[in-house]
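So that the names make sense, note that chain A is the first sequence line, chain B the second, and so on, each numbered from 1. Heavy-atom basis, side chains included; hydrogens, waters and symmetry copies ignored.
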There are 2 protein chains.
Amino acid sequence: MVRMPESRPYHHGDLRAALLATAERTLRDRGAGALSLRELAREIGVSHAAPGRHFKDKQALLDALALTGFERLAGALESADDPGLPLEPRLAGLAKAYLGFAVENAALLELMFTRKHDPDASAQLAASVDRSVGSFLRLVADAQARGEIVAGDPERITLVAAASLHGLAAFAANGSVPAEQALAGLDEHVHHLLHGLKPR
Amino acid sequence: MVRMPESRPYHHGDLRAALLATAERTLRDRGAGALSLRELAREIGVSHAAPGRHFKDKQALLDALALTGFERLAGALESADDPGLPLEPRLAGLAKAYLGFAVENAALLELMFTRKHDPDASAQLAASVDRSVGSFLRLVADAQARGEIVAGDPERITLVAAASLHGLAAFAANGSVPAEQALAGLDEHVHHLLHGLKPR
DNA sequence: ACCTGAACACCGTTCAAGT
DNA sequence: ACCTGAACACCGTTCAAGT
């Protein structure tokens, strides 16, 4: 919790961080549709024009929120990756981290993967996306080097893996598949991704 | 183009259909953020309160839009399915239809897979989703009967296939992957889905 | 440098009244 | 049955002015 002084100073101190934190809580509790700059300002106790100092418009706030999401996701994937593990459990670990993030941050995940318009934010976002993809890319490259994954452009193979996991994460995040069901079937999902749907 | 009479009658005739059609064009041209009931009414030439007769609120309009999307997608998948084909080209055909729909209706696809709130719309939507999933489910069941797809709960296997294709479709729709690249690599994607990422 | 208060042009939704 | 016009309570954004 944030300390709430009796009499608020004229300058907030770190309004930018407060806006992002409050916005993410609203996103989690009431969804993206409930996000309003004026309400955010009201909750923080600042004038409705104050957010304009830190974000040039509402989209800039949403872009910043998406960026923090990708940074946290990248961190979670890097923490979850254990390069010493055999291929299948190593991939299952990454998959679990991704799906876990999706379930815990469903509304944020939607925002992260929504079509962006502002080209300013795109550069930073792209870098952050690359960092997340990097964990999968390293796993694929390592496994290819050991002959445990089929040869071919590692970016392409990574896309196949990422699409499979992102599809499941999106289904879990939007409620198409219950979160528990997605998590319970995750190891089997990863197995099918590695071994294919055709019998061996 | 719609015929525009010099003097508009008091009753529009089919305002509901006009709202849906105009909304979808706006969605396609300018994205979901640009959708406003008042602007829709203005474009159609009706008072701003008129949409309220046909949709209880904005979310109801969005739900109806999503429903038409799923109906069209289901139709496209059914048209694309050729049960006489061998497994891999048959699945590739369905995949191409899905990805084609995603690329041609990117903003609508996002709307279709966004978290819905209104439980009224959910029942109809669920039926429409089931119809779309049905094409994949039949393919899986047929292939399992021939021993061409691994045994196991067909719903689960279908989820693995659907997640893989939906992930790719979502990446193509939101611009993470260029549409041409996704389409160009589709056959290979389907091959990896069926044969797995591990060497055989 | 950071924030306020007023102003502007928009929204979605409701509801009596009109046709 | 369907639509209008006014009203209400909200928005996002801008900008002079305050601290």
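- Contact annotation for Arg16(A): no contact, since no heavy-atom pair falls under 4.0 Å across all strands.
- Using the Watson-Crick or G-U wobble rule with both distances under 3.5 Å, dC3(C) pairs with nothing in any strand shown.
- Under the 4.5 Å side-chain heavy-atom criterion for Ile, Leu, Val, Met, Phe, Trp and Tyr, Val177(B) and Leu137(A) are members of distinct hydrophobic clusters.
- At a cut-off of 3.5 Å, with distance as the only test, no side-chain donor of Glu78(B) or Ser135(B) sits close to an acceptor on the other residue.
- Both Arg42(A) and Ser47(B) lie near DNA chain D, and the one whose nearest nucleotide falls closer to the 5' end is Ser47(B).
- If you check dA17(D) for Watson-Crick or wobble pairing at under 3.5 angstrom, you find it has no partner at all.
- Rounded to a whole Å, the CZ atom of Arg38(A) is 11 Å from the C1' atom of dC10(C).
- The residues Glu104(A) and Arg28(A) are annotated as not salt-bridged, no charged nitrogen and carboxylate oxygen being separated by less than 4.0 angstrom.
- Remark: Ser36(B) is in phosphate contact with dG12(C), judged by side-chain N or O atoms under 4.0 Å from OP1 or OP2.
- The nearest whole Å value for the distance from the NE2 atom in His48(A) to the P atom in dC15(D) is 14 Å.
- With both pairing distances under 3.5 Å, dA9(D) is matched to nothing as a Watson-Crick or G-U wobble pair.
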Evaluation steps, side chain to side chain contact (heavy atoms under 4.5 Å, CB included), between Leu168(A) and Leu186(A): CA-CA 9 Å; Leu168(A) 188 65; Leu186(A) 190 53; 3.7 Å; yes
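- Between the CG atom of Leu27(B) and the CG atom of Leu62(B) there is a distance of 8.5 Å, given to the nearest 0.5 Å.
- Asp14(A) places its CG atom 10 Å from the P atom of dC2(C), with the value rounded to the nearest Å.
- Within a heavy-atom distance below 4.0 Å of DNA chain D, the residues of residues 53-60 of chain B found are Arg53(B), His54(B).
- Note: CG (Leu37(A)) to C1' (dT14(D)) measures 13 Å, nearest angstrom.
- Distance Asp118(A) CG to dT13(D) C1': 15 Å, rounded to the nearest Å.
- Taking a cutoff of 4.0 Å between a charged side-chain nitrogen and a carboxylate oxygen, Glu88(A) and Lys198(B) do not qualify as a salt bridge.
- The separation between Leu35(B) atom CG and dC10(C) atom P is 17 Å, rounded to whole Å.
- By the 4.0 Å N-to-carboxylate-O rule, Glu148(B) lies too far from Arg90(B) to be salt-bridged with it.
- Across the interface with DNA chain C, nearest-nucleotide mapping of Leu15(A) and Glu39(B) shows Leu15(A) to be the residue nearer the 5′ end.
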